[in-house]
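The chains referred to below are lettered A, B, ... by the order of the sequence lines, with proteins before strands, and numbering in each begins at 1.
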There are 2 protein chains.
Amino acid sequence: MPPRPRAPRNTLSRELVVDTALRMLDEGGIEAFGVRALAKELGVGPMTLYTYFRGKEELLDAVRGQLLDTASLTCLHGDWQHRVRTICQRLRQLILDHPCLIHLLSTRPPSGRDAADAAEALLRTLTEAGFDEETAARTYTMLLGHVLGVTSLEVQLAAEHEDPDRRRHIRDTMTGLDPKRHPALVAHTAALRRTAGGDAQFEFGLELIIAGLERHTVLK
Amino acid sequence: MPPRPRAPRNTLSRELVVDTALRMLDEGGIEAFGVRALAKELGVGPMTLYTYFRGKEELLDAVRGQLLDTASLTCLHGDWQHRVRTICQRLRQLILDHPCLIHLLSTRPPSGRDAADAAEALLRTLTEAGFDEETAARTYTMLLGHVLGVTSLEVQLAAEHEDPDRRRHIRDTMTGLDPKRHPALVAHTAALRRTAGGDAQFEFGLELIIAGLERHTVLK
DNA sequence: ACCTGAACACCGTTCAAGT
DNA sequence: ACCTGAACACCGTTCAAGT
């Protein structure tokens with residue numbers, strides 16, 4: 001990254017800082033990101049950023065908020081199964097597009113405000129489908145945790161797949177397993193590698209949950 | 001923490017270093033943990049630790065491995081529903097006992113080796129219950145992601161609950177929601193706060209998944 | 001092998017100051 | 001208000017050296 005030419009005076013703004021931070025996070029990941037590096041990218045001293053943000057934490061919060069606000073995480077047409085499916089898929093896609101979100105969300109959980117549109121759509125959908133208040137709330141929390149967890153796993157596995165050192169390491173540990181102690185695990189090594197990650201794995205889990213929810217509605 | 005009296009020569013070991021690191025992580029969390037602080041706690045110069053570990057990352061990996069190896073994440077009695085339930089609950093409990101695990105697991109996903117006993121028990125259980133290889137593998141991955149995600153959310157919410165500043169902040173943002181734009185979310189605020197976290201929330205999700213799996217078996 | 005202090009190349013942030 | 005350089009109190013780690 002060439003250190004940008006110094007920005008002319010008064011061209012900096014909260015928005016520009018956040019956008020640049022997001023771009024750096026998308027390109028280099030959370031490890032490569034720092035206040036100093038961001039300042040250099042903007043052609044500015046590190047302290048300049050403190051005019052717009054109280055500190056690094058507040059800056060990252062702003063990035064997170066921007067990602068969640070900009071995204072369209074709603075779906076209010078079709079039956080409730082379709083809505084739930086679509087909203088969850090959109091949240092997953094947002095994370096796949098911006099893997100830094102995992103870190104930003106796991107440092108501090110999404111408060112109501114952050115993903116308000118998704119929460120609204122899900123809660124309204126579930127209520128209209130006939131779930132009582134408490135079940136709707138529980139289902140919302142469960143779905144959120146599920147999508148974050150499964151997608152997080154997916155992103156990490158993809159990242160490991162990139163690093164040749166790690167790939168070899170995983171290979172070695174898997175082949176080093178004792179077939180006497182872990183016969184089922186050894187037998188499933190290929191299946192695990194074959195199925196891990198991807199749309200199919202995500203949708204498998206999602207459909208399983210929807211199937212469970214359907215049984216809930218039938219029991220009413 | 002009083003800086004321990006210098007350890008007598010040759011009393012240090014990989015094991016002691018890992019145990020002390022784990023204790024510090026349990027007490028102060030991942031943010032308070034550092035190579036220098038750990039060394040001080042052991043009454044030793046920071047560089048001493050590099051005799052036992054290549055670096056911080058390898059050290060944290062060892063802590064993670066110890067936690068997962070020591071824990072009993074198996075259950076091979078009762079019907080498959082009971083086994084799945086028990087294994088998932090044990091993994092959750094391990095994370096609740098050692099919240100640092102979330103960070104240790106989200107930096108790098110559990111490879112086969114790490115939670116081999118849990119994987120073995122789950123895969124064997126699912127296979128014996130009649131699921132084919134691919135479905136068993138997918139279910140394993142899905143359950144792992146689910147437990148990690150939901151429990152991670154739970155731990156974070158609990159942590160936020162501790163911090164009075166954050167509590168007030170959440171309160172403010174929730175009450176600041178526009179009832180026109182987010183009527184369902186506003187209506188569910190109380191239910192969300194009432195149900196969030198705890199055994200009940202976790203088991204709600206788990207039973208939902210098990211119900212979905214049962215439908216899978218019925219369809220066969 | 002085990003352990004050391006000094007030093008290096010970084011962090012995020014405080015401070016006093018300049019426009 | 002916007003922006004600055006110098007400095008502070010930290011990091012994890014390399015290095016050359018000591019037992």
For the pair made of [atom1] in [X] and [atom2] in [N], what is the distance, rounded to whole Å?
X     : N      : atom1 : atom2 : value
A/F33 : C/dG12 : CZ    : C1'   : 12 Å
B/L49 : C/dG5  : CG    : P     : 13 Å
B/M47 : C/dA6  : CE    : C1'   : 11 Å
A/F53 : D/dC2  : CZ    : P     : 12 Å
B/L12 : C/dC3  : CG    : C1'   : 9 Å
B/R36 : D/dA9  : CZ    : C1'   : 11 Å
B/E31 : D/dC10 : CD    : C1'   : 16 Å
B/Y50 : D/dA17 : OH    : P     : 21 Å

Task: Out of C/dC3, D/dT4, D/dT13, whichever nucleotide has its closest atom nearest the side chain of B/V35 - done: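 The listed nucleotide nearest to B/V35's side chain is D/dT13.
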- [ ] Consider the side chain of B/T51, meaning its heavy atoms from C-beta on, and name the nucleotide among C/dC2, D/dG12, D/dT4 that approaches it most closely.
- [x]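 Closest nucleotide among those given: C/dC2.
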TODO: Using Watson-Crick or G-U wobble geometry with both distances below 3.5 Å, tell me the partner of C/dA7, or none.
DONE: D/dT13
Open item on the list: Between A/E58 and A/F53 (side chain of the first, backbone of the second, donor and acceptor by atom type, cut-off under 3.5 Å), is there such a pair?
Closed with: no
- [ ] Please confirm whether the backbone N or O of B/A37 pairs with a side-chain atom of B/E41, one donor and one acceptor, at under 3.5 Å?
- [x]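 It does not hold such a pair.
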Open item on the list: Quick one, A/Y50 and A/K56 - any side-chain contact, counting heavy atoms below 4.5 Å?
Closed with: no
TODO: Assess A/R92 against A/F202: is NZ or CZ under 6.0 Å from the centre of the six-membered ring, and within 45 degrees of the ring's axis?
DONE: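 Yes, A/R92 and A/F202 form such a contact.
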Open item on the list: Between A/Y52 and D/dC3, is there a contact of a side-chain N or O with OP1 or OP2 at under 4.0 Å?
Closed with: yes
- [ ] Using the closest heavy atom to pick a nucleotide of DNA chain D for each, name whichever of B/E57 or A/P46 lands nearer the 5' end.
- [x] A/P46
